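Just so you know, these numbers come straight off a predicted model, no measurement behind them. Below, all heavy atoms of this structure are taken into account, side chains as well, without hydrogens, waters or symmetry copies.
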Amino acid sequence: MPRAQAAGRTVGLCGQRPSDDPAFTEFLVKTGIDSISVAPDSFAAVKQQVAAAETNLHREGRTVHSGPSRPKWT
């Protein structure tokens, strides 16, 4: 993901797995994904999982900065 983002590309994932696997959602956030697309019935749960993963990164001292496309973790 970092190489694609460095080239100005947005990295996203569309699929069911983030809805079914909170650990995978956390992995995606930690690796710097820009977007995750999920079914409407799982949106609220995945949004909470993303928020929790972002909170954990903040606790680890990692910060968000604005890049050429979307915020990224450093």
Side-chain angles (χ1 to χ4, degrees):
M1 282 188 254
R3 286 179 56 187
Q5 291 166 331
R9 300 291 184 179
T10 300
V11 180
L13 176 82
C14 179
Q16 187 65 28
R17 184 150 179 212
S19 305
D20 296 337
D21 186 353
F24 185 65
T25 302
E26 183 174 7
F27 166 78
L28 293 172
V29 172
K30 284 184 174 182
T31 57
I33 196 149
D34 294 304
S35 67
I36 301 172
S37 179
V38 296
D41 64 335
S42 62
F43 171 76
V46 174
K47 183 177 178 180
Q48 290 175 343
Q49 294 164 8
V50 169
E54 290 175 342
T55 298
N56 288 339
L57 288 176
H58 279 292
R59 287 184 184 141
E60 295 171 4
R62 296 175 78 180
T63 58
V64 172
H65 65 88
S66 294
S69 58
R70 294 179 176 252
K72 294 181 242 180
W73 291 102
T74 58

Donor-acceptor contacts, no H, no angles, side chain residues 41-48, under 3.5 Å, sequence neighbours left out:
{"from": "Ser42", "atom 1": "OG", "to": "Ser19", "atom 2": "OG", "distance (Å)": "2.8"}
{"from": "Ser42", "atom 1": "OG", "to": "Ala39", "atom 2": "O", "distance (Å)": "3.1"}

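- Heavy-atom minimum distance, Gly32 versus Met1: C-SD, 3.9 Å.
- With hydrogens and angles ignored, the 3.5 Å screen pairs no side-chain donor or acceptor of Asp34 with any backbone N or O of Thr10.
- Distance check, rounded to the nearest 0.5 Å: NZ of Lys30 to OG1 of Thr25 gives 12.5 Å.
- No side-chain heavy atom of Arg59 sits less than 4.5 Å from a side-chain heavy atom of Glu54.
- In this structure the side chain of Leu13 never reaches within 4.5 angstrom of the side chain of Ser37, judged on heavy atoms.
- Pro18 and Gln49 make their closest contact through O-OE1, 3.4 Å (heavy atoms, listed as atom of the first residue, atom of the second, distance).
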Full working for side chain to side chain contact (heavy atoms under 4.5 Å, CB included) between Phe24 and Ile36:
CA-CA 11 Å; Phe24 185 65; Ile36 301 172; over 6 Å; no
